[in-house]
Q: 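I'd like to ask some things about the structure below.
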Amino acid sequence: MSKPKVLITRRWPESVELKLQQRYQVTLNPDDHPFSAEELKQALQQYDAVCPSVCDSLPAEVLNVADKRCKILGNFGVGYNHIDIAAARQQGLTVSNTPGVLTESTADIAMTLLLMSARRGAEGDRLVRSGGWSGWCPTQMMSSDVTGATLGLIGFGRIAQAMAGKAHHGFGMKILYVKPSPADPATVADLQAIRCNNVEQMLPQCDYVSLHCPGGAETRHLINAERLRLMKPSAHLINTARGDVVDSQALIDALRERRIAGAGLDVYENEPKLHPGFLSLENATLLPHLGSATIATRTAMGEKVLANLEAFFAGRELPDRVV
Ligand code: DGY
């Protein structure tokens with residue numbers, strides 16, 4: 001029997017590309033260009049498995065392409081809001097993702113952004129590089145304390161809990177969270193975390209707010225102008241979840257008018273074409289979607305996709321089935 005045909009839409013760490021090539025007839029993307037909708041449609045027509053990532057938009061219009069050969073989308077990433085899941089289900093496509101393996105690295109980036117925003121790290125780096133630093137002085141670039149401050153988490157899944165662990169045990173932070181259902185009692189006890197009734201109740205109490213909910217229609221612009229007004233003027237907003245959870249224009253206005261102190265962002269609406277208003281704001285720390293970008297994590301993500309493909313083609317239940 002011939003090997004299944006598999007396409008990966010972007011470059012992966014070499015070790016997992018090699019393993020994939022040993023098991024399947026694989027097409028790589030040698031120049032690592034982002035696929036157009038047309039290329040994605042063709043991929044669905046030509047391959048048994050397509051392995052997309054967050055940079056591939058797969059709306060119904062693409063997934064519904066005629067004469068599909070594809071049976072499984074092995075997503076390289078935990079978030080799948082770039083895939084129209086209802087359309088995938090309706091088209092009989094299986095979808096898998098990569099939960100668990102990127103928890104710590106993404107929480108590390110959230111903590112990095114929190115520290116950079118609080119202590120004005122990116123701004124300080126720019127000052128030194130520009131040659132504009134005139135030397136130490138007692139009032140230069142004063143910033144906000146992290147140790148002992150209050151961190152509010154919107155969403156309290158794996159990544160939020162990992163960040164809470166770093167913040168509470170590493171920095172003595174008080175942890176508040178909002179989640180539809182109560183969290184595991186042992187985790188709550190370990191973090192001395194307090195569940196708030198809703199976002200409105202939590203925001204005014206926080207020195208730092210970190211977003212950890214899934215993207216998609218339900219959470220689009222969850223952080224909007226009204227909710228930004230509930231934050232303390234000294235507070236910082238951290239987003240490592242999905243860009244569309246925050247209304248960009250409302251955040252830019254709040255940062256420009258200093259209604260909040262800062263924002264640390266790893267994700268953006270319409271990324272990589274983020275709102276140009278962010279670029280001139282000294283109090284916005286901007287990273288290029290680095291959450292899971294360590295060699296070990298990206299390799300583990302590839303291994304997860306491999307495990308899901310293997311189960312699928314062997315007719316076994318998938319370890320990480322979304323649909
Ligand atoms: C994910 O896994 O969803 C990240 O955002 C991309 O690595």
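The residues of the chain are indexed from 1 along the displayed sequence. Atoms within each ligand, like the ligands themselves, are counted from 1 in listed order.
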Q: Counting only heavy atoms closer than 4.0 Å, does ligand 1 sit against the backbone of H82, its side chain, both, or neither?
A: neither

Q: In the protein, which heavy atom is nearest to atom 7 (O) of ligand 1, and how far is it?
A: S292 OG, 2.9 Å

Q: Under 6.0 Å between ring centres: does that hold for Y80 and H82?
A: no

Q: Would you mind listing which atoms of ligand 1 come within a distance below 4.0 Å of any non-hydrogen atom of H289?
A: 4 (C), 5 (O), 6 (C)

Q: Using ring pair (Phe, Tyr, Trp, His ring centres under 6.0 Å) as the criterion, list what pairs up with F278, not counting sequence neighbours.
A: none

Q: Quick one: which ligand 1 atoms are inside 4.0 Å of a heavy atom on M301?
A: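 Numbered from 1, ligand 1 contributes 7 (O).
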
Q: Just by distance, do the side chain of D67 and the backbone of Q45 share a donor-acceptor pair under 3.5 Å?
A: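 A pair under 3.5 Å: no.
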
Q: Could you tell me which atoms of ligand 1, counted from 1 in the order shown, lie closer than 4.0 angstrom to a heavy atom of G79?
A: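 Listed by number with element, the hits are 1 (C), 2 (O), 3 (O).
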
Q: Are V305 and L20 joined in one hydrophobic group, where the rule is that I, L, V, M, F, W and Y side chains link up if heavy atoms are under 4.5 Å apart?
A: yes

Q: Using a plain distance cutoff, I'd like to know if F76 has any nitrogen or oxygen under 3.5 Å from a nitrogen or oxygen of ligand 1.
A: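 So ligand 1 has no N or O lying under 3.5 Å from an N or O of F76.
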
Q: What is the closest protein heavy atom to atom 1 (C) of ligand 1, and at what distance does it sit?
A: V78 N, 3.5 Å

Q: Quick one: look at L102 and ligand 1, take heavy-atom pairs under 4.0 Å, and tell me if it's side chain, backbone, both or neither.
A: side chain

Q: Hey, are E269 and R242 close enough for a salt bridge, meaning a charged N less than 4.0 Å from a carboxylate O?
A: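 Result for this pair is no, no salt bridge flagged.
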
Q: What verdict does the side chain to side chain contact (heavy atoms under 4.5 Å, CB included) test give for T219 and L211, after you've listed the backbone C-alpha separation in whole Å, the side-chain angles of each residue and the deciding distance to 0.1 Å?
A: CA-CA 11 Å; T219 54; L211 305 178; over 6 Å; no

Q: Has K232 got more than 12 heavy atoms of other residues, nucleotides or ligands less than 6.0 Å from its NZ?
A: yes

Q: Is there any N or O on T98 that sits under 3.5 Å from an N or O of ligand 1?
A: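 It does not: no N or O of T98 is found under 3.5 Å from an N or O of ligand 1.
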
